[in-house]
Amino acid sequence: VRFLFRRLALAIPTIAGVLVVSFLLLYVAPGDPVQEMVGERADSATVARLRAEMHLNDPIPLQFVHYAGGVLRGDLGRSYITGRPIINDIADRFPKTALLALSAMLLAVTIGVPLGIIAARYPNGYIDRLASLAAYLGVSFPVYWVGLVMILLFAVTLRWLPASGYGGPAFLILPALTLGSRSIAVLARQTRSAMLETLSADYVRTARAKGLADHAVLIHHALRNALLPIITVLGLDVGAYLTGSILTETIFSWPGLGRYVVNAIGRRDLPAIQGSILFLSLVFVAVNLLTDVAYAVADPRIVYD
Amino acid sequence: MSTRPNSLRHFSLAVVAVAVFSSCRGGDAAPARKTLIDSRGTYDPRSLDPAHANDIPSGRIVALIFDGLTRFSPDATLQPGLAERWDVSPDGRTYTFHLRRHVTFQNGVPFTSQHVVGSFTRALAPETKGIPLWPLLPISGAKEFAAGTAPTVTGLVAPDDSTVVITLVEPLAIFPKLMAMPVAHIVPDSAGPDFSEHPIGTGPWQFAEWKHDDYVRLARNPHYFGGPPKAESLEVRIIPEPSAAVAEFESGAVDLLYVPENETQSWTQTDDKKALLQNVPSLRLWYAAFNVSRGALADVRVRQAINYAVDRKTILDRLLGNRGTLAAGVIPPMLAGADSTRRPYPFDPARAKQLLAQAGHPHDLTFELWTAPDQPFPQIAEAIQGYLNDVGIKITIVRRDFASLRAAARQGSADIVLKDWYADYPDAENFLYPLLFGANAGQGGNVSFYRNSAYDKLVSAARIERDDGQRTTLYRQADELQFRDAPMLYLLFYNDLYAVQPWLKGFQAPVIFTGQRWTDVEINHAPAR
């Protein structure tokens, strides 16, 4: 518990850093939020009025204080473009991104880990070779390409699944597979090598020697010990899921936070960009914390103090 | 108006080869659904409140839920909307709109002239933060009211329930066309700050549901004054990736597709796909604006030389699948004022070199060419770079996102900017005035920073001229004048290419973005072929 508190305390400067950097980056970037609001044809009176209303004429430090003050009060501001509160937009989009990422992760675990176990149990067998090939392909193909091929195959040619959009489970399958494809491959490789290592360990030989069933040895002795590197990969992958969701959500018209951020950047919607980045960094911090907790659960030898 | 194609589009080339295997399923039986589904939205509408409908996806939907005093037909002719007819005073400054009677809003409230005054006043009010306001600013007192220095808009008067008298600051012949713009659509008194989430109008479709970044669903308005739409409901899907929109169309899940720029050839050269196409000239100019205030571009000979040096015909054929017509001026051929006898600058590198030599720049010119980020613009930029290299002009291509491009263009910090311009309303004025009028330099859309008092005089005269024939002549003269001055590299007028499912009945591709209101469109459930 003390460890948790310390980690949370450490997260505060991280978040503050994110706040400052994301704020400054946007002022360095070319492009003008007011111009993006008014479109290509505008009168200078409107532009001047908006600029003043948005406090864009204030000195940058003052603007930052203004913004940070809002954030501390839990107010992420309103979108320059739509006028809607950012917090509502995030609350609307993030659950959809989380659903997609968790589904992809679930697929990765339920496909990748067993594949790795089987591959490790029969090293250099045909399943192992097939899994290796699939893993290499999975890592090599860009998400974008995988997504479009899946759409062509399952939506256009076979017509089993909808090509894009958000709705029931049918809409989830293709984007989750696309987002998870890389992870399935990575996880299968990681599980295989971790399992191979533990399978040659003394305690596994001992377990076999005392006559335990094959599956019991694999699951209780070998996999349990191989879990740490697998958890590490999963934890690291969360970042990949969140960035991967940008492409996946765009390809599949999935109304999540990744697409929201991309649109906001394209339109220089400063409050929307800053709010989303801040929120996503909170998610990162939380996931890292969860990963550390998972280590302790998976391996009782790990004690944080 | 700006267009914002999707920035991921260029990746889609990678799958064109695969797409060939999945041949189009045109001729399949009609789907059982009773909802029309449009796939053209590439990003979430900014707002469904007319006062904030500043982009094409918003404007399209606003024009379905609401009515203006006037509107456009699919072929872009001006038609009566909530106003049955209108008169103009002899001095051209006062428009009297006679309103349709017995019209009700979708919430049952009867529509009166007070709503016209109320809607315009609301859009202009500082607290509404309306955008874009320029269609309403010609009204007397509108500027002062919008700036917060006047209590009312003096030019707006409703003498009785079915008449609105609008006085303008100065005569403006195109004013009735501005009344068809989304910001001039009529809202009920109840419109508040969150009106965008539950809009109510008098139009043929009433708002049902909006799932952000997903779709907007509309239902038939059974009491629409023009008769209820034929279909029960209409769904506007938001599909950011053009390849996904194509897939949705090919799987029969949507009824209408805007054929993406890069897939033109695959559609026009495949017979079963070609059968589904509707090709309409759009009011969209593709051009490269020369910043005439920068260096050698101030010299008309240099600007003309660039026009002679680039083989536009080849660019149009090879890079754009011949989807358009070469531009000889800025007025699209279908609009009054376009001169069909004027020839585009011919491809003549020898003449270009000669002009450059005369200008004293035989080999020493270098320019930055800024291009919109999405294909085919960067490809066109490369072609231009090649052609100009042949006549001794070095071009550096600068490829940035739209926001950066626009900022550079407006501030005048780019030499040449390759972009397009999409008309807000079908009139030559919408090209001549924003793109090249001196007072619009920079902010107003004139990113050539072109300032020519003779040209300005002609355009100003055309804007106030009430006689159609006279105005057309003035437009033509202005276009001719600037064409010789060459403040831009004239490229082409683009064609909009739509794929329409065989079961869709009554769809006519619109020339202007608000021109198709889906009232006569339906799904033909009879077995196809």
Side-chain angles (χ1 to χ4, degrees), chain A residues 29-33 35-47 49-50 53 79 81-84 88-89 92-93 96 142 144-145 147-149 151-159 161-167 247 249-256 259-260 262-263 265-268, chain B residues 1-2 4 6-8 11-12 14-15 18-19 21-22 25 43-44 46-47 52 54-55 126 129 131-134 137 143 146-147 193 196-197 211-215 237-241 243-245 247-248 250-253 400-404 406-408 410 421 424 434 440 443-445:
Chain A
D32 180 345
Q35 301 289 7
E36 293 309 299
M37 285 174 77
V38 296
E40 275 192 83
R41 182 175 175 178
D43 56 302
S44 33
T46 308
V47 171
R49 177 172 58 83
L50 288 169
E53 273 169 15
S79 160
I81 302 292
T82 66
R84 286 192 294 268
N88 293 8
D89 281 352
D92 183 30
R93 263 87 165 182
K96 291 161 186 163
Y144 193 86
W145 191 88
L148 289 177
V149 169
I151 289 179
L152 283 174
L153 183 62
F154 293 105
V156 178
T157 307
L158 298 173
R159 297 202 185 185
L161 294 165
S164 68
Y166 178 78
L247 274 180
E249 287 174 4
T250 301
I251 301 166
F252 291 97
S253 314
W254 189 265
R259 225 173 110 196
Y260 180 77
V262 171
N263 282 336
I265 293 172
R267 298 198 236 181
R268 298 295 188 272
Chain B
M1 181 160 286
S2 61
R4 286 172 27 103
N6 191 279
S7 62
L8 297 166
F11 282 108
S12 62
V15 290
V18 187
F21 291 104
S22 54
R25 308 293 189 87
Y43 55 96
D44 206 40
R46 172 198 171 107
S47 172
H52 297 120
N54 193 25
D55 51 28
K129 301 179 182 177
I131 286 175
L133 292 182
W134 56 262
L137 292 180
K143 267 197 183 111
S196 169
E197 299 295 319
K211 292 279 183 203
H212 290 292
D213 274 338
D214 197 0
Y215 60 82
R237 292 219 21 212
I238 295 136
I239 304 178
E241 170 51 45
S243 307
E248 291 284 16
E250 294 190 335
S251 68
R400 296 277 162 80
D401 75 322
F402 272 103
S404 312
R406 275 197 280 262
R410 282 231 187 74
W421 174 260
D424 292 294
N440 287 329
Q443 203 66 258

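For the numbers below, each heavy atom of this structure counts, side chains included, while hydrogens, waters and symmetry mates do not. Every chain is numbered from 1 and lettered A, B, ... according to where its sequence line falls, protein lines coming before strand lines.
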Self-check item: More than 12 heavy atoms from other groups under 6.0 Å of NZ on Lys96(A)
Solution: yes
With a 4.5 angstrom heavy-atom cut-off, which part of [X] approaches chain A: side chain, backbone, both or neither?
X: His52(B); value: neither
X: Ala247(B); value: both
X: Lys129(B); value: both
X: Asn440(B); value: neither
X: Ala407(B); value: side chain
X: Leu133(B); value: side chain
X: Ile131(B); value: side chain

Side-chain ([X]) to main-chain ([Y]) donor-acceptor, under 3.5 angstrom:
X: Arg267(A); Y: Pro33(A); answer: no
X: Ser404(B); Y: Arg400(B); answer: no
X: Asp401(B); Y: Gly266(A); answer: no
X: Trp254(A); Y: Gly165(A); answer: no

Quiz item: So, for Tyr166(A) and Pro255(A), which heavy atoms are closest and what is the spacing to 0.1 Å?
Solution: CB-CD, 3.3 Å
Report which part of [X] has an atom under 4.5 Å of a heavy atom belonging to chain B: side chain, backbone, both, or neither.
X: Val47(A); result: side chain
X: Ile151(A); result: side chain
X: Leu153(A); result: neither

Quiz item: Who are the salt bridge (Lys or Arg N to Asp or Glu O under 4.0 Å) partners of Arg410(B), not counting sequence neighbours?
Solution: none
Self-check item: Set of salt bridge (Lys or Arg N to Asp or Glu O under 4.0 Å) partners for Arg237(B), sequence neighbours left out
Solution: Glu248(B)
Quiz item: Among Pro126(B), Gly252(B), Pro434(B), Pro193(B), which has the most heavy-atom pairs under 4.5 Å with chain A?
Solution: Pro434(B)
Quiz prompt | Contact winner vs chain B - Val38(A), Asp92(A), Asp89(A), heavy-atom pairs under 4.5 Å | solution = Val38(A)
